[in-house]
Structure formats: C-alpha cells, structure tokens
Amino acid sequence: MERETAIQFKNVSKIYKLKRKDKDVTKDQKTQYFYALKDISFEVKKGQVLGILGTNGSGKSTMALVLSGIASPDEGEIIVEGEQALVAINTGLNKELTGLENIELKGALLGLTQKKVREITDGVIEFAEIGDFLYQPVKKYSSGMKSRLGFSINLCLNPDILIIDEALSVGDKGFAHKCLARMNELKEEGKTIIFISHSLPQVREFCDTAMWLEGGKMKEYGAIEDVCDHYAEYIEHYHTLTKAEKKAEREEKFKERIIKNRKVGWIDRLFG
C-alpha cells in the first residue's frame with residue numbers, strides 16, 4: 001500500500017531582496033531581487049527520511065525555513081500534513097529568555113497543558129544535559145549549547161515532521177551520536193524526517209532519499225546512493241578548481257538567480 005504524502009511542493013519559489021553597496025551602480029540598480037529557491041517541486045511520503053545536500057549558498061537553510069512554515073513561499077504551493085518542528089542553530093529560541101522559559105514559551109504557543117509542559121521540561125533536562133545553564137539567558141549559551149537545547153525541545157515535543165538543519169554540526173561528538181541514536185528511534189517509529197547536512201556520510205547512513213540543491217534549484221531528487229554519488233563527484237571536481245575558477249563559478253550561479261526585470265508588477269506588490 002502506498003504511503004500517504006506528508007509534504008508536497010508545487011513549483012515553489014522564495015525571493016529575497018538585496019541592497020548593493022557598489023558605488024558604480026545607478027540608484028535603480030542598488031536593489032536586486034534574487035531567487036533563494038526557484039520552481040521546486042517534490043513529494044515526501046509519511047515515514048520517509050529525506051537528506052538535503054548542497055554547497056554553501058545553495059538554498060538549504062531557506063528550504064528549512066520554508067519546510068517548517070517559518071517562511072512562506074513567494075510562488076507556488078506547499079501542502080503539509082502534520083505538525084513540523086525545525087531544529088537549527090539560533091532558530092526558535094528567544095535569546096533574552098532562559099532555557100527553561102524558552103521551553104515554557106514553546107509549550108504555551110502550542111497550547112499545551114501545564115502538565116504536558118512539565119513532562120517536556122523533564123525530558124529536555126535529561127536529554128540536553130546543560131545543567132544550571134537551563135536557568136541562564138540563552139544569549140549566554142555557546143552554539144553547541146543552543147543546539148543541545150533546541151534539539152532537545154523539539155525531540156520532546158514529538159512532532160510529526162522533524163526538520164534538522166545542520167544542528168549536529170555544532171557541539172561535541174558524544175551529543176551528536178546521542179541525537180543520531182534518538183533520530184534512528186524516531187525513524188523506526190515512522191516519523192517523517194528532513195535531514196539537512198554537509199556531512200555526506202551521515203546523509204548516506206541515515207536517509208533513504210536525497211535531494212541535491214544547487215544555486216537555488218533542485219538539481220537531483222531520488223535514491224540515496226545515486227544522489228550522494230553524483231554530489232560527491234561534483235564536490236570532488238569542485239575541489240580541483242583554482243581559487244579564481246571557484247569564484248567565477250559562484251558568481252555565475254548567482255547571476256542566474258537574479259531577477260532581471262524588477263519592474264514586474266507582482267514583485268513590486270510583494271516587496272511594497
């Protein structure tokens with residue numbers, strides 16, 4: 001029996017506005033619009049574990065924000081069946097509040113009972129292992145401690161769809177192994193997981209499907225080994241380029257993402 005769809009993207013694009021500081025450009029050229037994501041369509045089935053790969057600036061973090069509902073698409077449609085939670089460094093935490101207050105705030109926003117919030121708090125304390133820092137403002141945390149807290153809160157909330165954006169790349173290896181073990185338990189439970197990572201070995205080991213983003217576009221989507229092999233070949237080739245060649249390639253990709261006709265009506269309406 002075919003699994004139900006958890007996430008569906010239909011021709012989704014996300015556009016950002018850039019302010020250029022170049023002295024040699026005209027006033028009209030100082031504002032540029034570019035595609036962070038462009039015309040992306042795919043489906044994720046319930047219980048699927050999707051790994052998202054891509055070089056720096058490829059659109060992975062924007063994809064995480066759009067997948068989690070933190071950012072809305074500017075073109076296209078997204079259908080999500082279930083509650084999502086994003087685990088990413090500095091995302092979803094109020095830096096002025098303590099760790100404990102962040103847990104309580106998250107629970108209140110989700111409409112949880114005080115009893116449920118206490119259960120989640122106990123779970124976070126046990127899993128995060130940050131000791132008395134739980135009672136300190138998050139702005140005093142290291143990146144690793146923020147990762148521990150954010151990861152622990154979202155794991156204990158037990159969402160239908162878990163989106164992990166480079167959260168395992170910061171902090172000690174022991175905690176990363178602990179998180180991967182818990183993620184494998186969630187995988188066995190049939191949770192839908194989106195795993196965004198620079199670590200090709202982790203994606204190969206943990207995921208059953210992969211997406212390769214490059215220059216804001218979906219370059220490939222399919223079986224984990226096929227996509228990972230093709231991405232690895234590209235990375236190997238990229239590392240053979242000279243510094244000047246790498247720069248030229250990055251600039252060419254960026255040029256392709258610029259929306260040249262900024263007078264188009266819907267863009268004007270979009271950004272006011």
Side-chain angles (χ1 to χ4, degrees), residues 6-7 44 46-51 61 64-65 67-70 80-197 199 202-203 205-207:
I7 301 169
V44 178
K46 290 185 178 179
Q48 186 175 332
V49 183
L50 170 65
S61 291
L65 293 174
L67 276 166
S68 61
I70 293 174
V80 178
E81 296 293 337
E83 182 181 307
Q84 323 104 288
L86 171 64
V87 182
I89 305 301
N90 295 329
T91 299
L93 296 175
N94 186 317
K95 295 180 182 180
E96 300 301 320
L97 300 180
T98 66
L100 180 60
E101 288 168 340
N102 269 282
I103 300 170
E104 293 171 343
L105 176 61
K106 186 77 171 181
L109 291 173
L110 292 174
L112 303 180
T113 64
Q114 289 186 350
K115 180 182 178 182
K116 184 63 177 176
V117 172
R118 284 196 297 271
E119 290 174 3
I120 291 171
T121 301
D122 291 340
V124 171
I125 291 171
E126 180 181 350
F127 195 90
E129 298 177 350
I130 60 174
D132 289 339
F133 273 95
L134 187 69
Y135 310 103
Q136 298 296 319
V138 168
K139 63 184 177 183
K140 295 184 178 181
Y141 287 20
S142 65
S143 294
M145 290 174 64
K146 290 174 187 173
S147 177
R148 281 173 173 262
L149 180 63
F151 204 104
S152 301
I153 291 174
N154 285 299
L155 282 179
C156 293
L157 285 171
N158 197 28
D160 302 304
I161 302 168
L162 189 63
I163 302 153
I164 301 159
D165 181 15
E166 299 293 352
L168 300 186
S169 63
V170 179
D172 61 88
K173 290 183 179 179
F175 186 70
H177 286 308
K178 183 177 182 179
C179 292
L180 280 169
R182 178 59 183 137
M183 285 161 55
N184 275 306
E185 291 175 3
L186 293 172
K187 180 179 175 180
E188 292 299 319
E189 292 171 12
K191 294 288 185 181
T192 305
I193 302 173
I194 313 296
F195 187 51
I196 302 169
S197 176
S199 174
Q202 282 185 350
V203 171
E205 180 183 352
F206 183 65
C207 305

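FYI, the numbering just counts along the sequence from 1.
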### Flag, side chain of Tyr141 to backbone of Arg148, donor-acceptor distance under 3.5 Å
no
### Task
Would you confirm whether Gln136, through its side chain, and Phe133, through its main-chain N or O, come within 3.5 Å as a donor-acceptor pair?
no
## Note on the structure
The reported gap from CD in Glu104 to CD in Gln114 (rounded to nearest 0.5 angstrom) is 9.0 Å
### Task
Report the residue from Val124, Asp122, Val117 that forms a side chain to side chain contact (heavy atoms under 4.5 Å, CB included) with Ile120.
Val124
### Query
Heavy atoms, side chains only, cut-off 4.5 Å: are Val44 and Ile161 in contact?
no
Less than 3.5 Å apart, which donor and acceptor atoms pair up between the side chains of residues 182-194 and the rest of the protein, not counting sequence neighbours?
| residue | atom | partner | partner atom | Å |
| --- | --- | --- | --- | --- |
| Arg182 | NH1 | Glu185 | OE1 | 2.9 |
| Asn184 | ND2 | Leu180 | O | 3.0 |
| Lys187 | NZ | Phe206 | O | 2.7 |
| Lys191 | NZ | Asn158 | OD1 | 3.2 |
| Lys191 | NZ | Pro159 | O | 3.2 |
| Thr192 | OG1 | Gly47 | N | 3.0 |

### Listed partners of Leu134 passing side-chain contact (heavy atoms from CB on, under 4.5 Å), at least two apart
Leu100, Ile103, Ile125, Ile130, Leu149
### Task
Check whether any side-chain heavy atom of Leu157 sits under 4.5 Å from a side-chain heavy atom of Leu112, and report yes or no.
yes
### Message
Could you measure the distance from the NZ atom of Lys106 to the OG1 atom of Thr121? Nearest 0.5 Å is fine.
### Response
13.5 Å
### Message
Testing the basics here: between Cys207 and Leu50, what is the closest heavy-atom pair and its distance to 0.1 Å?
### Response
SG-C, 3.9 Å
### Query
Can you find a heavy atom in the side chain of Asp160 that is under 4.5 Å from one in the side chain of Lys46?
no
### Message
Rounded at 0.5 Å granularity, tell me how far NZ in Lys140 sits from CE in Met145.
### Response
11.0 Å
### Task
For Cys179 and Phe127, work out which heavy atoms get closest and say how close.
SG-CE2, 4.0 Å
### Query
Tell me, do Gln202 and Glu205 make a side-chain contact under 4.5 Å, heavy atoms counted?
no
### Query
Out of curiosity, Ile70 CD1 to Ile163 CD1, how far, rounded to the nearest 0.5 Å?
8.0 Å
### Query
Does Asn94 offer a backbone N or O that forms a donor-acceptor pair with the side chain of Asn102 under 3.5 Å?
yes
### Task
Return the minimal non-hydrogen interatomic distance between Glu129 and Glu126, and the atom names on each side.
CG-O, 3.5 Å
